[in-house]
Amino acid sequence: MDKNFQEEFTQIIKFKPPLYKQRHQFVKDLVEKYKPKKVADLGCADCSLLRMLKFCSCIEVLAGLDICANVMQENMHTLSPLPVDYLQPSERSLTVTLHHGSVAHKDPCMLGFDLVTCIELIEHLEEPELKKFPEVVFGFMAPSIVVISTPNSEFNPLLPGLMLYRHPDHKFEWNQAQFQSWALETARCYDYSVEFTGVGHPPEGMEKAGFCTQIGVFIRKYPRTGESVQSEKPTEAVYKTVFKAVYPSLKDEKYLQNAVISEVIFTAQIMKHRLMSKHQEYGDDPERKSKFQPSMDCFSDYLGKLVVEKNMEPFVSGNEVHIPLTTIFSFPKVNRLCGTFEKLCKLVAGKITLSSDGSAVIFNIEHE
Amino acid sequence: GLQVSTGLQDMSLRDRGGRRRDFHDFGINTRQAMVHVQESKTGFSGKMIKLTTNHFRLTSRPQWALYQYHVAYSPEMEARRLRSALLFQHEEHIGKTHAFDGSILFLPKKLENKVTELLSRTRNGEDVKITVTLTNELPPTSPTCLQFYNIIFRRLLKMLNLQQIGRNYYNPSDPVSIPNHRLMVWLGFASSILQYEENIMLCADVSHKVLRGETVLDTMHSLHSQVGEERFRDACAKELIGLIVLTKYNNKTYRIDDIDWDNNPKGTFRKSDGSEMTFLEYYKKQYNIEISDWMQPVLISQMKRKRGNIEGSVALIPELCSLTGLTDKMRNDFSMMKDLAIHTRLPPEQRQREIGRLLNYIQKDDNVQKELRNWGLSFDYKSVSFTGRVVQGEKIFQSGNMFDYNPQFADWTRETRGVPLIRAVPVDSWLLIYTRRNYDVANTLLQSLFKVTPSMGIRMNKPNMIEVDDRTEAYLRVLQQRVTPDTNIVFCILSSSRKDKYDAIKKYLCIDCPVPSQCVLARTLSKPQTIMTVATKIALQMNCKMGGELWSVEIPLKQVMIVGIDCYHDTVSGRQSIAGFVASLNATLTRWFSRCVVQSRGQELVDGIKACLQTALRNWSKWNKCLPSRIIVYRDGVGDGQLNTLVNYEVPQFLDCLKSIGTDYSPRLTVIVVKKRVGARFFAEIGGGLRNPPPGTVVDTVVTRPEWYDFFIVSQTVKNGCVAPTHYNVVYDTSQLKPDHVQRLTYKLCHMYYNWSGIIRVPAPCQYAHKLAFLVGQSIHREPNLMLSDRLYYL
């Protein structure tokens with residue numbers, strides 16, 4: 001199902017940005033507005049919508065479902081974490097999963113989602129599937145929000161050279177009244193409210209034709225149901241998982257620890273360097289030493305404002321430079337990573353050379 | 001069926017569009033022109049040794065062929081994605097296994113008809129006629145097939161969830177982190193599938209990717225805090241330009257070519273549709289990324305290949321880029337390299353085990369196996385074994401003495417200590433320059449030198465001791481005032497490894513006032529327990545710099561001039577390239593003529609090399625009263641995919657140059673391409689385990705290429721990790737020498753590098769050429785004064 005780009009070629013003349021991008025942008029705006037944590041895209045095809053959504057920082061679980069495994073498999077690697085995701089793990093956790101299966105079947109892996117998108121999906125469904133679809137999505141999955149988009153057949157006369165449907169695989173294309181009555185009936189049946197909108201404005205004077213793509217946004221009217229209801233639901237898995245990627249995250253202790261250690265050592269080295277360069281300038285004059293202040297002359301205010309209290313100052317003792325952990329903790333980046341000073345101490349213990357009382361990072365400067 | 005379009009696009013099987021460099025140097029058949037190696041290119045001397053390697057046979061079904069089809073559309077369809085979508089509406093016809101790049105289709109099976117016509121319909125109802133025509137039936141060994149295997153193999157690595165960085169694939173799930181240096185090491189694989197002597201094989205080697213847990217912006221901040229405002233931009237340029245970065249939002253690598261300090265994330269750029277947008281808006285809109293520092297500069301990366309050969313550049317935001325690889329500064333950081341080596345230097349057994357792991361992944365993964373099966377391909381999961389030869393160790397001669405040494409260690413430092421040198425140059429008049437702080441160090445050094453030099457036969461007078469301030473200008477002033485035409489050598493003790501001081505001294509003494517010089521860090525001389533060893537090494541080095549000779553090996557060839565060439569590519573200052581050119585002057589190969597070519601933009605390096613060869617011949621004839629009857633060129637610094645240029649352009653230039661010497665002069669010429677960075681590794685099966693093969697191991701079968709006259713030599717030893725063989729490819733040879741003799745001579749030359757009393761990885765002239773090019777590229781940036789050219793002043 002290469003619906004996205006085919007449309008791009010026929011309609012790029014008419015829509016800017018291309019219509020599929022407008023649909024994706026619509027979903028993205030919705031995500032920005034409602035900040036869902038778990039989002040599923042039904043009929044995800046080449047995964048292009050998922051690829052865009054993975055950059056939305058509110059989303060922690062992203063799932064795709066399609067009836068065609070091949071098209072997902074061809075593109076699934078684009079949903080893998082990037083090298084940089086491993087190098088600089090994000091604060092949020094993110095899991096991306098792709099399932100092979102039909103929207104006419106219920107699978108427990110689709111439970112608990114906040115937003116379910118069905119972009120240009122329903123017109124590909126055969127009659128029996130379309131019949132089961134509302135029960136699966138609204139009855140079983142029952143997310144807070146459902147977005148359904150589908151072609152508006154009233155717009156078709158405006159598309160040059162279009163014979164019957166916009167894609168050979170389309171089983172039907174509805175006009176506005178057809179879509180709206182189906183949607184209203186579905187909403188009523190499953191206790192949702194629905195609002196209609198669309199993307200792809202008609203040309204001037206043809207406003208009656210409506211949007212090229214019609215969209216219904218369904219909002220669940222009742223609050224999230226508790227465990228009791230879910231337990232009644234079938235638990236047998238019918239979808240086949242074809243792809244799963246767990247993104248490195250600072251929520252994972254392993255990555256957090258690595259990040260903290262690296263940041264602590266980095267910060268301590270900057271402080272050491274400054275201390276040493278002051279030393280070289282002034283010699284070992286103790287009078288001057290106390291005048292050490294971290295200089296804030298970076299080309300932007302990177303280290304943030306920090307107040308160096310007397311007992312937090314780094315100092316040289318023999319061949320060792322001591323950088324107190326309290327000082328390091330006052331740096332915004334370290335602070336943000338650890339949250340509490342205790343957490344910092346816990347994470348670096350045994351991983352970084354500390355003074356005997358564990359209060360400072362120690363560098364040996366003998367060989368420098 | 002998996003579509004390999006991404007790979008196909010990269011490799012470009014067709015000729016049109018941006019052509020990717022052929023890294024494997026396919027289709028350059030140099031052996032066919034050399035009659036004497038048609039039958040056999042193997043040597044015979046030495047003891048047999050059982051070896052295994054990291055090569056694995058690729059096998060295909062009997063009668064296997066790859067079917068190549070041309071796909072045409074009527075009406076013509078431009079977009080590649082549309083073309084493939086229309087074609088694959090007919091999967092029931094063409095099958096699920098296919099590779100298609102938009103015009104060429106590869107299938108593992110033959111379609112019923114030579115020409116198949118298919119009808120597809122676009123979504124605006126337009127009917128498109130697709131004509132699929134069989135153009136080729138490719139046997140497993142055809143060059144196109146080889147490219148195809150490599151594409152399929154990359155596809156398999158991707159299926160194994162390995163991450164592509166640059167040319168290789170890495171496993172991100174189990175990184176080694178080295179927090180002290182903010183480094184992360186990923187283990188991965190470098191692989192290629194090639195036609196070797198008898199089989200098509202996969203060569204798989206372990207590759208380590210050093211990644212840095214910091215963004216370019218972080219690096220800039222720490223540089224800022226280190227060097228201060230004044231030198232900040234220079235420091236950034238020095239540290240960052242030439243490095244490869246990864247971005248936060250896609251899986252591409254970019255090389256930093258420039259830093260645009262006048263731009264920042266608030267700046268705008270033109271999108272492909274012509275509209276303008278700020279970087280801030282773009283990254284927010286496209287990737288939901290908020291750039292936090294709005295004052296940072298913008299990095300520029302030049303795009304080498306682009307459709308229609310238009311060169312373009314990409315702007316990158318430092319905050320969104322992560323650094324990969326090591327900088328020169330890091331490479332010089334001993335403790336960092338030591339920490340890294342623990343993880344990257346795998347001993348033979350472990351290396352082979354890691355490689356086995358990759359093969360195991362391939363064998364165990366269902367999807368990968370299915371894909372291979374569909375194409376009718378499979379691998380031998382056991383690596384190839386064969387026998388190599390260990391040639392006899394070379395004896396070292398020094399002033400009438402002959403030395404045997406333990407060939408296992410490939411080092412004769414101990415054996416030759418305190419023995420007179422072949423030619424010891426007296427040090428009658430010399431300067432010793434030091435700062436006040438290093439007065440004691442200077443004296444200790446002097447006493448030690450006086451102790452070690454007499455036994456070497458070096459006569460050494462008291463130097464002119466000069467104390468200077470620790471400033472570059474102070475050093476230069478002393479040099480200007482005190483260096484006289486009689487000065488044999490200038491000795492400077494430096495208190496820090498500050499490069500500018502070193503550079504200034506070298507520049508002055510190599511260009512303006514050509515006198516050999518020796519710079520040593522005070523720290524090197526400060527340890528009493530090592531001072532005698534250090535002084536011995538320094539005395540030897542000084543002697544070479546003044547034109548002395550240390551030792552020799554037996555060279556059976558007469559009237560031969562050996563040439564070594566290596567290149568240095570300066571990535572920082574104006575992208576200069578420098579070729580070092582070193583040619584022997586005497587029969588014992590103990591004296592060398594050295595020149596270099598500094599290539600400015602748009603100029604070909606080879607023109608300069610031609611001029612070097614001319615002067616080298618002139619000097620050789622001055623020394624030997626005749627012209628050499630044989631010239632053997634060892635050419636290092638030829639990158640992957642550059643062999644074609646070398647064979648078709650550089651070699652003819654050499655011949656041209658020889659012709660220009662005189663009509664009756666026609667020496668025998670041999671040109672050998674030396675390659676240090678090769679994927680092949682050899683392991684000796686000793687006592688049931690795998691060890692590094694001993695120095696002198698020669699491999700000229702099984703893993704060499706049938707279309708080349710090539711061989712491998714393991715000449716050096718390594719303390720940790722796996723020894724890397726050096727690949728020698730004789731691309732031109734009218735010498736009539738037997739392969740065995742060429743191999744032996746090559747190995748002998750690896751004994752002749754005077755800065756190391758042991759065997760090295762490459763023939764000495766290549767290493768000299770490298771040293772020279774490096775000094776010029778790093779410090780001098782101009783061709784040094786020719787007065788120095790008969791000495792190894794750059795050691």
Side-chain angles (χ1 to χ4, degrees), chain A residues 2-3 5-11 16-17 25 28 32 52 55-57 70 73-74 77-78 80-88 159-168 170 245 248 258-259 261-266 269-270 273-274 277 294-295 297-303 351-352 367, chain B residues 1-3 79 81-82 85 89 96 121-126 158-159 161 163 165 170 172-173 175 177 179-182 184 186 209 211-215 217-218 220-222 224-226 228-229 232 246-251 273 285-289 293-296 320-322 324 335 367:
Chain A
D2 296 293
K3 55 192 183 194
F5 69 88
Q6 286 211 357
E7 211 156 87
E8 182 185 345
F9 291 112
T10 55
Q11 300 184 345
K16 202 176 156 192
Q25 188 59 43
K28 196 179 155 195
E32 296 285 295
M52 183 170 100
F55 289 105
C56 294
S57 51
N70 271 347
Q73 273 163 345
E74 268 173 37
H77 298 294
T78 58
S80 297
L82 299 170
V84 173
D85 291 320
Y86 290 94
L87 295 175
Q88 292 146 19
L159 300 172
L162 187 72
M163 309 295 271
L164 179 62
Y165 293 142
R166 298 185 193 175
H167 190 277
H170 285 182
N258 281 342
I261 289 169
S262 144
E263 204 52 46
V264 165
I265 290 178
F266 178 65
Q269 260 165 354
I270 290 183
H273 187 83
R274 286 189 188 160
S277 54
S295 58
D297 48 1
C298 289
F299 54 94
S300 65
D301 198 359
Y302 166 64
L303 299 172
K351 299 280 178 184
I352 298 178
H367 54 273
Chain B
L2 274 165
Q3 206 179 318
R81 288 177 68 186
L82 181 57
Q89 288 180 13
K96 280 195 171 294
R121 175 170 287 194
T122 67
R123 44 176 322 170
N124 22 351
E126 194 180 2
K158 219 179 244 177
M159 290 168 84
N161 268 326
Q163 289 263 2
I165 302 178
Y170 298 88
S173 53
S177 114
N180 279 354
H181 308 291
R182 279 204 142 189
M184 227 179 251
W186 285 10
K209 192 79 200 168
L211 298 163
R212 304 185 28 204
E214 58 185 6
T215 65
L217 186 62
D218 291 337
M220 286 178 156
H221 281 300
S222 46
H224 191 270
S225 71
Q226 277 168 33
E229 187 66 44
F232 176 55
L246 292 162
T247 61
K248 225 184 166 90
Y249 43 85
N250 65 17
N251 204 4
D273 66 359
K285 193 151 187 283
Q286 198 74 16
Y287 302 108
N288 226 34
I289 296 174
D293 187 334
W294 292 16
M295 298 298 286
Q296 60 190 310
L320 307 180
C321 295
S322 277
T324 72
S335 84
N367 289 329

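So you know, we letter chains A, B, ... as the sequences are listed, proteins then strands, and number each from 1.
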Please look at Q163(B) and chain A and tell me whether the side chain, the backbone, both or neither of the residue comes under 4.5 angstrom of a heavy atom of that chain. side chain
All heavy atoms of P175(B) vs all of P172(B), minimum pair found to be CD-O, 3.4 Å
Would you call S80(A) and N161(B) a side-chain contact if the rule is heavy atoms closer than 4.5 Å? yes
Qualifying residues under ring-ring contact (aromatic ring centres under 6.0 Å, His included), relative to F55(A), sequence neighbours excluded: Y287(B)
Chain A contact via L246(B) - which portion, at a heavy-atom distance below 4.5 Å: both
Can you say whether Y249(B) sits under 4.5 Å from chain A via the side chain, the backbone, both, or neither, judging by heavy atoms? both
Measuring only between side-chain heavy atoms, which start at C-beta, is E214(B) closer than 4.5 Å to L87(A)? no
Heavy-atom distance under 4.5 Å to chain B: side chain of L82(A), backbone, both or neither? both
If you count heavy-atom pairs within less than 4.5 Å of chain B, which of K351(A), E32(A), Q88(A) leads? Q88(A)
Side chain from CB out, backbone as N, CA, C, O: work out which of these in W186(B) comes under 4.5 Å of a heavy atom of chain A, or both, or neither. side chain
Side chain to side chain donor-acceptor pair (under 3.5 Å) against Q25(A), all qualifying residues, sequence neighbours excluded: D29(A)
Can you tell which of P83(A), S262(A), P81(A) has the highest number of heavy-atom pairs within less than 4.5 Å of chain B? P83(A)
Are side-chain heavy atoms of H221(B) and D293(B) found at a separation under 4.5 Å? yes
Checking heavy atoms, do the side chain of K28(A), its backbone, both or neither come under 4.5 Å from chain B? side chain
Under 4.5 Å heavy-atom distance to chain A, tell me which part of T215(B) shows up: side chain, backbone, both or neither. both
Given side chains that start at C-beta, do those of Y86(A) and M184(B) come closer than 4.5 Å, heavy atoms only? no
